[in-house]
Protein chains: 2
Amino acid sequence: MSDAGDVAEHKRMRGATVDYVLRHVRDGIFQGQYAPGQRLIEADLTRELGISRGPLREALHRLAADKLLEIVPNRGAIVRRLSMREMLELFSIRIALECLAVREATAKLAAPVIRARFESDTEAIWMPEQRAPGRGYIAENKSFHDAIIRASGNETLGIVTSQLQLPLLMFQFNKMLTAGNIAASLAEHRAIAEAMLDGDAADAETCMRSHLERARQVASEMPSQVFRSEARAR
Amino acid sequence: MSDAGDVAEHKRMRGATVDYVLRHVRDGIFQGQYAPGQRLIEADLTRELGISRGPLREALHRLAADKLLEIVPNRGAIVRRLSMREMLELFSIRIALECLAVREATAKLAAPVIRARFESDTEAIWMPEQRAPGRGYIAENKSFHDAIIRASGNETLGIVTSQLQLPLLMFQFNKMLTAGNIAASLAEHRAIAEAMLDGDAADAETCMRSHLERARQVASEMPSQVFRSEARAR
DNA sequence: TCGTGCAATATTGTCAGACAATCTGATGTT
DNA sequence: AACATCAGATTGTCTGACAATATTGCACGA
């Protein structure tokens, strides 16, 4: 589409070519332009993006490290598709880490500076339904969970969780976001925040766990065709 | 050292060059050949290893993704050094994930097949001191923790934890392994395994947590010069 | 008709050489 | 001493090339 315009853009700054490809392919995957299972041919991409193979390969391999692509020797890169099992495993891990974050964050909230920042970061969840459904909610959800991790002060945890979230984005989650789901999720966010501000770490952790377990439940009800078949297709 | 011999070796198989570099640099870091903070000059490495810049850069960037190197734009790769704070954060995360593993694994041990494999995987911890001190223990420790994750059946968890362990290996931990530490660790392993085989998930998790917290304690007593100073040196 | 083996094509993995952008350190000027 | 300038070092990227491997289409025989 707007590729022709983008081609020139990355030329301006040196060292940005790889990043440019990274973003292009990642966005292409999330927006469904590159479908799961599709092969990404190096020659095509170099032509489309107006770059050479070196930076392109580097970008593809980094995306493979993030589990967005799968690279088969001598066959190149294909867009990865998660099996339902892998998605459930990712959720287990995410639950464990977000519970850790909520515990550490609740303790840190005793400090006024951290508390003030957390309150301003989570302002949005207290405002009544002023937001557009669907697309807007995803950003709000992300910023709430990010605020907790930020308050925990554990930077490494932030890096790890952000990497875990990426593959989950590959399912177009917004399709699942009914008004009911959004309302329930928002209520749970509020419960979590209240428990945290009360200093009740155990309660906050419980709320977080059930919040994520419900999200997992919703995710597991997605049509089975969005998942990769479990049988090792290698 | 034996580089000259290795140079030819990777030529045999196509598609193994990047892997070859990966292993070389990783081992060089763990064995102290490449010291933390040291710059890795592309020209030097291509000459030493007899490869071209393409695969080399790919390998360096992958190691950067694993947090073993840091890549500064237009300055290249330097061997990363963790701050004490980052090490503690890594331990927090590892504790959360290994507790998750122990819970899931204990549940799975009800199945005879899983149970049998777990028992054979952890055979070593029941045998009295037939092992060499130091070096041998690290492998034994790793295989015990791996056995738990394997029994949990959560493959994604295995991938994530193995990536988390890598940076920790950068400290030469073996220097810290006194006979007393090894004995204590072994006893804790046995306690964990017993609780798991008894089906007592809560107890197993408690044992695992205190086991790792003690390890963290030992690690935090390492001489401060092995850590990077916390001030952002950028 | 259906599989099987083989040649032609497509694609990747790697190499070599080149160039400009950028960083580093030393030199000279004020 | 502070600052500007310059040469060398190093990286980021490009181009073109070649062999190794995978894929495809097709002729051939059972």
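Numbered from 1 within each chain, the chains take letters A, B, ... in sequence-line order. Predicted model, so just to flag it, every value in this text is computed and none were measured.
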J.: Counting side-chain heavy atoms from C-beta on, which of C:dT14, C:dT24, D:dC14 comes nearest to B:Arg75?
T.: C:dT24
J.: Looking at B:Asp27 and B:Arg23, does any basic side-chain N land under 4.0 Å from a carboxylate oxygen?
T.: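 No, B:Asp27 and B:Arg23 are not salt-bridged.
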J.: Across the strands shown, which category fits B:Gly54 at heavy-atom distances under 4.0 angstrom: base, sugar-phosphate, nothing?
T.: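 It contacts nothing in the nucleic acid.
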J.: Rounded to whole Å, how long is the line connecting atom CD1 of B:Ile71 with atom P of D:dT13?
T.: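 Whole-Å distance recorded here is 11 Å.
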J.: Evaluate A:Ile148 against A:Met208 for side chain to side chain contact (heavy atoms under 4.5 Å, CB included), listing each step before the verdict.
T.: CA-CA 11 Å; A:Ile148 293 178; A:Met208 174 62 87; 3.6 Å; yes
J.: From the options C:dT12, C:dC23, D:dT15, select the nucleotide whose nearest atom is closest to the side chain of A:Ser52.
T.: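 The answer is D:dT15, which lies nearest to the side chain.
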J.: For A:Ile78 and C:dT11, what is the distance between atoms CD1 and C1' respectively, to the nearest whole Å?
T.: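 Rounded to the whole Å, the gap is 15 Å.
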J.: Quick one: do A:Glu86 and A:Lys67 make a salt bridge, cutoff under 4.0 Å?
T.: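 Result for this pair is no, no salt bridge flagged.
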J.: Angle between ring planes, B:Tyr137 versus B:His189, binned at 30° and 60°: parallel, tilted or perpendicular?
T.: parallel
J.: State whether A:Thr17 places a side-chain N or O below 4.0 Å from either non-bridging phosphate oxygen (OP1 or OP2) of D:dT13.
T.: yes
J.: Just wondering, are more than 12 heavy atoms of other shown residues or ligands nearer than 6.0 Å to CD in A:Glu123?
T.: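 Open.
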J.: Using whole Å, report how far CZ of B:Arg57 lies from P of D:dC14.
T.: 11 Å
J.: Quick one: which of D:dT21, D:dC14, D:dT11 gets closest to the side chain of A:Asn74?
T.: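 So the side chain of A:Asn74 is nearest to D:dT21.
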J.: Starting from C1' on D:dG12, measure out to CD on B:Glu58 and report it in whole angstrom.
T.: 15 Å
J.: Return the 5'-most residue of the pair A:Pro73, A:Pro55 with respect to DNA chain D, ranking by each residue's nearest nucleotide.
T.: A:Pro55
J.: If you take any heavy atom closer than 4.0 Å to DNA chain D, which residues from residues 36-44 of chain B end up in contact?
T.: B:Arg39, B:Leu40, B:Ile41, B:Glu42
J.: Using a strict 4.0 Å threshold on nitrogen-to-oxygen distance, state whether B:Asp146 and B:Arg150 make a salt bridge.
T.: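 No, this pair does not count.
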J.: Just the rounded figure in Å: distance from P of C:dT11 to CG of A:Leu60.
T.: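 Distance check: A:Leu60 CG to C:dT11 P gives 15 Å.
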J.: What is the distance from CZ of A:Arg53 to C1' of C:dG13, rounded to the nearest Å?
T.: 7 Å
J.: Do we see a donor-acceptor contact under 3.5 Å between the side chains of B:Glu221 and B:Gln217?
T.: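 Yes, a side-chain donor-acceptor pair sits under 3.5 Å.
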